2 protein chains.
Amino acid sequence: MSAPRRSFTRDDPETRRAALIGAALDLMAEDGPQAATVRAIADAAGLSQGMIRHYFSTKEELINAAYQAHMEAQLTATRASLPADGTAMARLARIITVSLTPPVSDPRTLSLWAAFIHMIRRDPAMRATHERNYLRFRDLLESLIVAACAESGRPVSKEEARRLAIACNAVLDGLWLEGGALPEAFAPGELEQIGMTSVSAILGLTLDCEAT
Amino acid sequence: MSAPRRSFTRDDPETRRAALIGAALDLMAEDGPQAATVRAIADAAGLSQGMIRHYFSTKEELINAAYQAHMEAQLTATRASLPADGTAMARLARIITVSLTPPVSDPRTLSLWAAFIHMIRRDPAMRATHERNYLRFRDLLESLIVAACAESGRPVSKEEARRLAIACNAVLDGLWLEGGALPEAFAPGELEQIGMTSVSAILGLTLDCEAT
DNA sequence: CCGCTAATCATACGATTGTATAATTTCTCG
DNA sequence: CGAGAAATTATACAATCGTATGATTAGCGG
């Protein structure tokens, strides 16, 4: 006589995949990549460990899907937060704020990014995903920069736009990195303010910190 | 009748520790933290796996020592590359170049940093090591900024110096990160040039790219 | 309402992990 | 030059890893 097998309900494959992906991301963000074992992931998703290989042909495939989902969500959230109307300057200011506040900028996101770096370096598919999303964000930033500069009567050349986008992106990345690694080393709002004035200085503009 | 045990020579404890640390760093940089198993580390160091627990009370202690050694080496190398004489502006320009070229800025270093980041978050000892080294570099940068600004007749307040140091450090970190993650996405010397002009813009100075 | 299919659970398996311990070799010192 | 201490190797061990497989149950079509 053995213990009864626990009951369960069937669910949509898409829902199950999303649950597994979410659990994997949570574990990697919280305790690093080595914490995301098949048992821990299944447990966190409230499923048995067999489900991972039922919905993904291998654990690595699940991790790849998780990375893709994470990057997609970040970029989509950033895009959605930008006001459709208003000045280009306001939109530029807004993307700076969004990039330097949770959920884009926080220890969890930084930890997650670090967890994926090695896979990015080795796996060509993940590398392609990374490059695509990085360039998409930088292009978005570059378009905002070009528009903001034009708005204030300072048109920039193509090469200059590229350099400015790389520079401003670096400021955001650097502040994002430092804020994520040492959250309490900075006063609330300090990183956003520094980001705002630094981008202003680099572009030769005056961004309003109050801009939404 | 069994195979003869392989011969060995005794060595200085410091040399052995350095060999194990170096092997651990190599493995983590190349294939990620999960590749740095006790067997792989000992193998790469040309020793048997027992040596790890003979020289370190646990594997985690070895990893901590490796992180400390890595950070120390980076900061020391950066410091050593700065000219003792010359203008403060030249020294500032120099630290930008050093921070954005190998061996400080390359995929290996980025990979290594990523491997350590989640340990930094969880382990208080590693967190302290990180915070100490990060602030030491930022203080160095800040002192150079203050000196360079004073040199050009623009004294800065204490609070302004802190903000400028954070901003310039962010530029360097961001370019370091992007260059490490996508090395071939940038032309040779491009990141250094962008770093130089960005820092110049943030500080309101004119740094010479030719400065040694 | 019943049986069939597939989703789900449970468990097993070999490989690998960090750690512990025993067996050996090297070197130092009287 | 020979014995004792320390360094080093080799092996064992329990835990855990990703994967594989078989048993069971939920939900749907007849």
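Any value given below was found using the heavy atoms of this structure, including those in side chains, with hydrogens, waters and symmetry copies removed. Each chain gets a letter, A, B and so on, in the order its sequence line appears, and its residues count up from 1. Everything numeric here is computed off the predicted structure, so don't read it as measured data.
Under a 3.5 Å cut-off, the side chain of A:S105 and the backbone N or O of A:P102 do not form any donor-acceptor pair.
For residues 158-188 of chain B, the ring-ring contact (aromatic ring centres under 6.0 Å, His included) pairs, not counting sequence neighbours, are B:W113-B:W176. Judged as a side-chain hydrogen bond (donor to acceptor under 3.5 Å, both in side chains), the pairs with a partner in residues 14-27 of chain B (not counting sequence neighbours) are, in order, B:D26-B:R108. Applying the ring-ring contact (aromatic ring centres under 6.0 Å, His included) test to residues at least two apart or on different chains, none of the pairs has a partner in residues 6-63 of chain B. The salt bridge (Lys or Arg N to Asp or Glu O under 4.0 Å) analysis of residues 56-69 of chain A, with sequence neighbours excluded, yields no pairs.
Note: CZ (A:R5) to P (C:dA10) measures 6 Å, nearest angstrom. One atom, CD of A:Q49, and another, P of C:dC9, lie 11 Å apart when rounded to the nearest Å. As rounded to whole Å, 6 Å separates atom P of C:dC9 from atom CZ of A:F8. Atom CD1 in A:I52 sits roughly 9 Å away from atom P in D:dT19 (whole-Å rounding). Note: CE (A:M51) to C1' (C:dT8) measures 5 Å, nearest angstrom.
Taking 4.0 Å as the cut-off between side-chain N and carboxylate O, A:R162 and B:E190 count as a salt-bridged pair. A salt bridge does not link A:E142 with A:R136: every distance from a Lys NZ or Arg NE/NH1/NH2 to an Asp or Glu carboxylate oxygen is 4.0 Å or more.
The stretch residues 22-43 of chain B comes close to DNA chain D through B:R39, each having a heavy atom under 4.0 Å from the strand. Residues from residues 54-69 of chain B with heavy atoms under 4.0 angstrom of DNA chain C, sorted by number: B:T58, B:K59. Of the residues in residues 11-21 of chain A, A:D11, A:R16 come within less than 4.0 Å of DNA chain C through at least one heavy atom, sorted by number.
With sequence neighbours excluded, the residues satisfying side chain to side chain contact (heavy atoms under 4.5 Å, CB included) with A:E160 are A:V156, A:S157, A:R163, A:L164. Scored by the side chain to side chain contact (heavy atoms under 4.5 Å, CB included) test, A:A181 finds A:L110, B:I117, B:H130 as partners (sequence neighbours excluded). Contacts of A:A147 classified as side chain to side chain contact (heavy atoms under 4.5 Å, CB included), with partners at least two apart in sequence or in another chain: A:A88.
No N or O donor and acceptor, one from the side chain of A:R53 and one from the base of D:dA20, sit under 3.5 Å apart. Contact of A:R6 with C:dC9 (side chain to base): no donor-acceptor pair of N or O atoms is detected under 3.5 Å.
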Residues B:T97, B:E192; criterion side chain to side chain donor-acceptor pair (under 3.5 Å); working and verdict:
CA-CA 6 Å; B:T97 301; B:E192 305 152 58; 4.9 Å; no
Worked check of salt bridge (Lys or Arg N to Asp or Glu O under 4.0 Å) between A:E184 and B:R127: CA-CA 12 Å; A:E184 74 284 354; B:R127 186 183 190 77; 3.2 Å; yes
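The two residues A:D106 and A:P103 have their closest heavy-atom pair at OD1-O, 3.5 Å.
Residue B:S48 has its side chain nearest to D:dT9 when only D:dT9, C:dT8, D:dT19 are considered.
For the pair B:T9 and B:G50, nearest-nucleotide mapping onto DNA chain C gives the more 5' position to B:G50.
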Going by atom type alone, with no hydrogens or angles, which donor-acceptor pairs under 3.5 Å involve a side-chain atom of residues 28-44 of chain B and a protein atom two or more places apart or on another chain?
residue, atom, partner, partner atom, Å
B:D31, OD1, A:R122, NH1, 3.4
B:Q34, NE2, B:D31, O, 3.2
B:T37, OG1, B:A40, N, 3.1

Sort me out a list of protein N/O and nucleotides 2-5 of chain D N/O pairs below 3.5 Å, or just none if empty.
none

